Structures are given as C-alpha cells and as structure tokens.
Amino acid sequence: MSATINFDNAIPGKVTIYDFPPGPYPCRVQIALHEKKLHDLVDFEFVNLYKGEHKTDEFLRTKNYSGTLPVMEFADGSLLSECTAITEYIDNLDGNPILTGTTPFEKGQIHMMTRRVEFEFLEAISLYFHNATPGLGPTVEKYQNLEWGLRQRDRGIRGMHFLNSLLQKQPYIAGDKFSMADIACIGGFVFLSVVKLEPPKECKALLEWFDRVNERPSVQEFFKMANSFE
Ligand SMILES: N[C@@H](CCC(=O)N[C@@H](CS(=O)(=O)O)C(=O)NCC(=O)O)C(=O)O
C-alpha cells in the first residue's frame with residue numbers, strides 16, 4: 001500500500017516506520033498515530049529486535065545510530081527517531097487533537113512530564129528488562145549488569161508511586177487533559193507486561209488512570225494489535 005501523508009506542513013509522500021509493533025516504545029507512536037487518525041497513512045516495516053536486526057551495521061549507519069525503534073523515514077530519505085521527537089512531529093501535522101500542549105507553559109509541562117515518565121518509569125523498566133532478565137537474548141544483550149538492572153526495577157516501582165501521588169490530584173499525567181505524557185506512561189505499562197511485573201496494588205490512582213486511558217479508541221486499537229501479534 002503506498003501511503004502518503006499530505007499535510008501542508010508535512011514532508012509529503014510515503015512515510016515508513018521501522019517498528020516492532022507490540023513494543024513499549026513503538027506503542028507511543030502507534031497510539032499517537034491512532035489519536036491523529038494517521039495510522040492508516042503510514043507503512044510499517046517490521047524489524048525483529050530478538051534477531052538483533054536493529055543492531056546491524058547497516059541499520060545503525062542508515063537508519064538510527066542509537067540502534068533503537070521506532071524510526072520514521074520520509075520519502076526524501078529524512079529520518080526521525082526518538083519517540084518524543086516522532087510524536088511531537090505527528091502532533092504538529094494538524095490540530096486535532098493537540099497532545100503536546102497549546103500554550104508555551106502547557107508545552108513545557110507536557111514535555112517535562114513525558115521526560116519524567118521516561119526517566120522514572122519507562123526507561124527504568126527498560127533497563128531492568130535488558131540487564132536483569134534475559135532481555136532480547138544473548139546475541140543482542142552483549143552486556144548486562146544484574147545489580148544495575150535490579151536498581152532500575154526498584155526505581156521504576158518508586159516512579160509508579162510518584163505518578164500515583166500525582167494522579168490522586170489530577171486526572172492525567174501532565175494535568176487535566178490527555179497528552180503525550182500519558183501515552184509515554186502507557187508504554188511503561190506495556191513494558192510491565194513484557195517483564196511480568198505487576199504495578200503496586202496500593203497505587204490505586206495510577207491503576208484507575210490506566211483503566212481510564214484504556215477507554216480511548218486509540219489505546220484499544222494498539223492493544224488489539226499487540227494482543228494478536230504473532
Ligand atoms: N530513546 C528511545 C528508546 C527506544 C527503545 O528503547 N526502543 C526499543 C523498542 S521496544 O523494546 O520498546 O519494543 C528498542 O529499540 N530496544 C532495542 C534495544 O534496546 O536493543 C526512544 O525514545 O525512541
């Protein structure tokens with residue numbers, strides 16, 4: 001299917017996302033695309049993380065020096081990686097809905113909370129996965145540090161308690177509206193299921209938040225795909 005995104009301020013033409021569809025970070029871009037009704041306009045190219053296809057010299061040289069997914073490639077060969085950057089690009093394509101803020105302060109607040117979710121939760125669980133579990137397997141996980149991984153797991157649990165305390169006072173991660181910060185936090189929950197770690201039962205506000213965001217069609221579309229992914 002030749003997919004194009006023809007928006008005035010976009011780079012027109014075929015857009016391809018190199019992806020591991022059910023993955024915790026890819027879920028952020030998948031959900032953002034569904035929110036913006038752009039998901040069907042993008043082609044996805046599967047990259048098998050467990051075979052190390054994201055770490056080949058070719059991929060590192062031509063797609064993403066950092067060797068991570070997702071990567072967005074445009075018709076002219078331009079590339080975007082880093083979920084925060086890709087979802088910001090997607091959000092700027094049109095004004096409905098705005099997920100990265102409408103005022104300078106709101107934009108700063110959502111960016112801050114997206115980074116905080118990454119540092120204190122999503123990235124912490126990712127480092128636990130790669131260091132203190134078999135991760136992507138011995139051919140990919142060239143270096144592991146068990147103690148560091150376990151520390152990161154504990155950091156992620158502390159992060160969930162922090163987010164829970166926030167959500168006792170506000171309905172969403174960055175305030176009173178659903179935003180990219182919530183989508184990043186959904187990525188953290190996806191990683192929890194990958195590492196088979198339960199969110200703390202006492203984090204009732206966080207668990208209620210997860211139920212709330214799961215009511216969104218964009219989130220249901222992601223989990224429908226992820227749960228049937230072979
Ligand atoms: N900072 C990057 C991290 C992306 C990332 O870690 N992606 C995972 C994909 S997934 O595990 O979420 O599906 C990856 O490429 N992991 C491969 C690796 O770390 O070797 C971003 O925000 O995009």
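We count ligands from 1, going down the list as the structure has it; atoms in each ligand are counted the same way. All of these numbers come straight from a predicted model, not from anything done at the bench.
P70 approaches D19 most closely through the heavy-atom pair CB-OD1, 3.6 Å.
Donor-acceptor pairing under 3.5 Å is lacking for the side chains of Q109 and S179.
In this view, E215 satisfies the side-chain contact (heavy atoms from CB on, under 4.5 Å) rule with no residue, not counting sequence neighbours. Residues meeting the salt bridge (Lys or Arg N to Asp or Glu O under 4.0 Å) test with E141, sequence neighbours left out: none.
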Give every pair made of an N or O atom of ligand 1 and a protein N or O atom lying under 3.5 Å apart, one pair per line with both atom names and the distance to 0.1 Å, or write 'none'.
unit_1: ligand 1; atom_1: 1 (N); unit_2: E82; atom_2: OE1; d: 2.7
unit_1: ligand 1; atom_1: 7 (N); unit_2: L69; atom_2: O; d: 2.8
unit_1: ligand 1; atom_1: 12 (O); unit_2: P24; atom_2: N; d: 3.4
unit_1: ligand 1; atom_1: 12 (O); unit_2: Y25; atom_2: N; d: 2.9
unit_1: ligand 1; atom_1: 15 (O); unit_2: L69; atom_2: N; d: 2.9
unit_1: ligand 1; atom_1: 19 (O); unit_2: H130; atom_2: NE2; d: 3.3
unit_1: ligand 1; atom_1: 20 (O); unit_2: H54; atom_2: NE2; d: 2.9
unit_1: ligand 1; atom_1: 22 (O); unit_2: E82; atom_2: OE1; d: 3.4
unit_1: ligand 1; atom_1: 22 (O); unit_2: C83; atom_2: N; d: 3.3
unit_1: ligand 1; atom_1: 23 (O); unit_2: C83; atom_2: N; d: 3.0

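Counting heavy atoms from C-beta on, the side chains of F44 and T16 never come closer than 4.5 Å.
The side chain to side chain donor-acceptor pair (under 3.5 Å) analysis of residues 189-199, with sequence neighbours excluded, yields no pairs.
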